[in-house]
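These notes concern the structure reproduced below.
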2 protein chains.
Amino acid sequence: MPARKTKRSERPETGDEAAGRIEPGRRPTINDIARLANVSKKTVSRVINESPFVQEETRKRIAELMKTHGYEPDPQARGLAFRRSFLIGMIYDNPNAQMVVKLQEGVLEGVRGSGFELVVHPCDRSARNFLSDVRGFVQRQKLFGVVLLPPVSENDTLTAMLTELGCHYVRVASAVIDDSAHLVSANDRLGTAEAANHLMDLGHTRIGFIEGPPGFRSRKERRLGFEEALSRRGQKLPESLVTDGAYTYESGVAAAETLLSRTPRPTAIFAANDEMAAGVYAVARQKGLTIPRDLSIVGFDDTPVSARLFPALTTVRWPIPEMGRSAARKLLDMRPGERVSAPDEVLTPYLVVRDSTAPPKARSSCVRRPAGA
Amino acid sequence: MPARKTKRSERPETGDEAAGRIEPGRRPTINDIARLANVSKKTVSRVINESPFVQEETRKRIAELMKTHGYEPDPQARGLAFRRSFLIGMIYDNPNAQMVVKLQEGVLEGVRGSGFELVVHPCDRSARNFLSDVRGFVQRQKLFGVVLLPPVSENDTLTAMLTELGCHYVRVASAVIDDSAHLVSANDRLGTAEAANHLMDLGHTRIGFIEGPPGFRSRKERRLGFEEALSRRGQKLPESLVTDGAYTYESGVAAAETLLSRTPRPTAIFAANDEMAAGVYAVARQKGLTIPRDLSIVGFDDTPVSARLFPALTTVRWPIPEMGRSAARKLLDMRPGERVSAPDEVLTPYLVVRDSTAPPKARSSCVRRPAGA
DNA sequence: CTGAAAGCGCTTACAG
DNA sequence: CTGAAAGCGCTTACAG
């Protein structure tokens, strides 16, 4: 239907008067607004895109008309003209559902009101067609940008490809692995150090350590942070007390079985995430060990599972929702003409002390607590 | 850049020969393919949309060209012309992260290769602007369809609005609350009945029941299924042994405290989901009750938490991934010209017996097991 | 079976 | 500061 060239002489003074000219049930388009405002659609376009080259009076009149008629520019049409969509992708291969959902919510919170939407893309990072799959996804949807979750976020080949495709990205990570504009990160090393200090404060000297899976940067960071904290107080982590893990409950069970069969038995275990810590609980119970009297346990993440273990798990809180929101904002800052807001600091995870840690039983009476730690 | 009107007389015989004519780095468009195939873009369009009105020889030649050049039609442009996007929304206000993530994965699996993508939309169903928020989301993105998760899926005002907007939808639900085309459902009543039978088979007669939250259809279904099964064997559920729950761990704790303070104490508790069952474990432990010797527990969902409780939870498995895949397929079946595949049956959840159920201690010796149940 | 024209709702140069 | 023309990559009538 060709746009009726109606009485351009009439200049609507109020929204109500003009409303009759849009067929009910049809969403108004840029043409409707232009016609009602007696301007070209290019001028309406300028208002939409906040161009400074519009007379204030005109801008205001158009803005009001848009509001009155509930006009919202069509992202599809805008995207086609811009050669870019208003979609943000979230790419991940992460075993932790709680983390994924909370991050999604955080990102959505961060883009609220911006007109952007979130398209999720779980994937298999070890699949042979991983890169081409992501490439197709990004190209087909002409994504404005993507949020990358660990460990996919640590893949530099991937980010190089995204750059080549002209797709913005922000990595969610455990260490500073990119410049501030492309990174939302927690300082895992600091968080783990806090956990180590807590255990040493309680008097533990034989501490077991369950690592994250190879291929996760957090594995390295968490171990490093822990060992550094130990060595700062002259302690060290013997190889016999370090075990592999996979950030899953089952791997926590397996690791705990190994660690708790060592002699002498460790008096405390740090698990690089909560899921694995839950596995340690199961093995401890099975071996008749009481937590924390016979064994102290510390986890990492502070996912809901930590509060529902018994006794409640002492763990390091990873600021998931904040990371999501921040990632979204960084992406939005990449819109042309956007003034970049102050870059967020690298967030510091902090220890949440609950009931799974206590001084070691056998030694609690003969070991001196370090003063003022 | 205007499309160069090049030598239409030359008719490319092979893709290789033609390849040189598309500038490298630029994705081919329908115009490129048309030019290379020496046909109008309308004909290419017909091939894309699988119109029968294309000569087989022509169709084949064009299809090959598309493949050679890695041509994929632009969903944005197609959407603009179709007045509809190739996006599917997932709308939910559900506390269970595991369920949400698995359903997302299931839907994505179901649409794989179709060119559709999934846009997630967590929301607050009790917010005053709930409906208008969803309406804006659907209209702005011109969603092809949406998958509705419980309890949002049970809102008929919502589905009426979607129909009015011309947006397809599929509900994920716990009972038959719509016609087969719009519904992917588990028969919760049957699943719960199985749980009840299992407990009765073991000899339990005093069974506590923790309900789901008001506003969830599953609350009603699960209770009904349970009571029907009991009454079929002449048992009944006394009001004093029924408690409210909210599908959260904390509500499970509160409910268990109530139920376990009744005298005589119930010998078994059915919790309407796994999260609440986890809460029952905590209270039981705190009261010094050993599971299943002093108390049998049955959950519902079979989420990962059930396997990591100790002892492992007997629960009713809800077929989450299957529901997601099926929902996606139903949506795709609504594409014009699509022949509807056989509608899925309503899925039946089934009992997974683990270690949290046993005959009641005090009575196991004097109660006769019902024969052949 | 195939195509030229017009359109989907926006934006980018380019004028003025 | 404002607009007419052309274009983004596709499809829908409408012809033939």
Side-chain angles (χ1 to χ4, degrees), chain A residues 1-5 8 22 26-35 37-62 66 69 71-86 115 139-142 166 335-337, chain B residues 1-5 8 22 26-35 37-62 66 69 71-86 115 139-142 166 335-337:
Chain A
M1 57 192 75
R4 283 179 294 148
K5 296 269 184 210
R8 305 202 94 197
I22 297 179
R26 189 169 64 81
R27 299 203 80 204
T29 72
I30 196 173
N31 284 306
D32 296 315
I33 302 297
R35 183 164 40 80
N38 234 321
V39 297
S40 78
K41 61 184 183 184
K42 177 57 204 170
T43 299
V44 179
S45 171
R46 287 201 179 87
V47 173
I48 294 173
N49 293 292
E50 298 179 308
S51 155
F53 304 118
V54 182
Q55 226 173 196
E56 177 54 20
E57 189 267 330
T58 313
R59 198 198 59 68
K60 212 170 156 189
R61 185 158 48 86
I62 295 176
M66 299 198 299
H69 295 279
Y71 169 72
E72 289 187 278
D74 180 339
Q76 222 167 39
R78 252 164 51 102
L80 187 59
F82 273 138
R83 292 159 186 74
R84 162 156 290 189
S85 76
F86 290 86
Q139 286 198 123
R140 219 180 308 117
Q141 301 300 326
K142 300 204 213 82
R335 288 175 296 183
Chain B
M1 55 194 74
R4 284 179 293 149
K5 297 265 184 213
R8 305 204 91 197
I22 298 179
R26 190 169 64 82
R27 300 204 79 203
T29 72
I30 196 173
N31 284 307
D32 296 316
I33 301 298
R35 183 163 39 81
N38 235 320
V39 297
S40 77
K41 61 183 182 183
K42 177 56 205 168
T43 299
V44 178
S45 170
R46 287 200 180 89
V47 174
I48 293 172
N49 294 291
E50 299 179 308
S51 155
F53 304 118
V54 182
Q55 225 173 199
E56 176 54 20
E57 189 266 332
T58 313
R59 197 199 58 67
K60 212 171 154 188
R61 186 157 47 86
I62 294 176
M66 299 199 298
H69 294 279
Y71 170 72
E72 290 185 277
D74 180 340
Q76 221 166 38
R78 268 193 357 131
L80 186 59
F82 273 137
R83 292 161 185 72
R84 162 155 289 191
S85 75
F86 290 86
Q139 286 198 124
R140 218 179 311 116
Q141 301 300 325
K142 301 205 213 80
R335 288 174 297 183

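Keep in mind the model is a prediction, meaning the values are calculated, not measured. In what follows, chains carry the letters A, B, and so on, assigned in the order in which the sequence lines appear, proteins first and then strands, with residues in each chain numbered from 1.
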B/F53 atom CZ is separated from D/dA15 atom P, nearest whole Å, by 18 Å
Counting only Watson-Crick or G-U wobble pairs whose two distances fall under 3.5 Å, which nucleotide matches C/dA13? none
To the nearest Å, give me how far apart CZ (A/R61) and P (D/dC1) are. 15 Å
5'-most contact on DNA chain C: B/P52 or B/F82, nearest heavy atom basis? B/P52
When all nucleic acid strands are considered with a 4.0 Å heavy-atom cut-off, which category describes B/Y71: base, sugar-phosphate, or nothing? sugar-phosphate
Which residue lies more 5' along DNA chain D, comparing A/Q55 with A/K41 via nearest heavy atoms: A/Q55
Identify whether the distance between the nearest side-chain nitrogen and carboxylate oxygen of B/R27 and B/D74 falls below 4.0 Å. no
B/A81, nearest nucleotide to its side chain (from C/dC1, D/dG9, C/dG9): D/dG9
Can you measure B/R78 atom CZ to C/dG9 atom P for me and round it to whole angstrom units? 18 Å
With a 4.0 Å limit, can you tell me whether A/T58 has a side-chain N or O closer than that to the phosphate oxygens OP1/OP2 of D/dT2? yes
Gap between atoms CD and P, on B/Q141 and C/dC10 respectively (whole Å): 13 Å
Go through the structure and list residues passing salt bridge (Lys or Arg N to Asp or Glu O under 4.0 Å) with A/R59, not counting sequence neighbours. A/E56
Whole-Å gap separating C1' (D/dT12) and CD1 (B/I30): 13 Å
B/E50 atom CD is separated from D/dT11 atom P, nearest whole Å, by 12 Å
Would A/R61 and A/N38 count as having a side-chain donor-acceptor pair, cut-off 3.5 Å? no
Go through C/dT11, D/dC10, D/dC1 for me and flag the one nearest to the A/I48 side chain. C/dT11
N/O (side chain, B/N49) to phosphate O (OP1/OP2, D/dT11) under 4.0 Å: yes
If only side-chain N and O atoms of A/T43 are considered, is one of them under 4.0 Å from the OP1 or OP2 phosphate oxygen of D/dT2? no
For C/dA4, what is the paired nucleotide under Watson-Crick or G-U wobble rules, both distances under 3.5 Å? none
Taking for B/E56 and for B/L80 the nucleotide of DNA chain C with the nearest heavy atom, the one nearer the 5' end belongs to B/E56
Is the base of D/dG3 touched by the side chain of A/R46 through a donor-acceptor pair closer than 3.5 angstrom? yes
Over how many whole Å does the gap from A/I33 atom CD1 to D/dT2 atom C1' extend? 18 Å
When you check the phosphate oxygens OP1 and OP2 of D/dA4, does a side-chain N or O of A/S40 lie under 4.0 Å from one of them? no
Taking the side chain as every heavy atom from C-beta outward, state whether B/I48 and B/I30 have any pair of such atoms under 4.5 Å apart. yes
So, is A/Q76 near the phosphate of C/dC8, with a side-chain N or O under 4.0 Å from OP1 or OP2? no
Choose from D/dG9, D/dT2, C/dC10 the nucleotide whose nearest atom is closest to any side-chain atom of A/P73. C/dC10
Which atom of A/Y71 lies closest to which atom of A/P73, heavy atoms considered: OH-CA, 3.3 Å
Euclidean distance, atom NZ of residue B/K42 to atom C1' of C/dA6 [Å, nearest integer]: 13 Å
Between A/I62 and A/R46, is any pair of side-chain heavy atoms under 4.5 Å apart? no
Quiz question: going by heavy-atom distance under 3.5 Å, is there a donor-acceptor pair between the base of D/dG7 and the side chain of A/R83? no
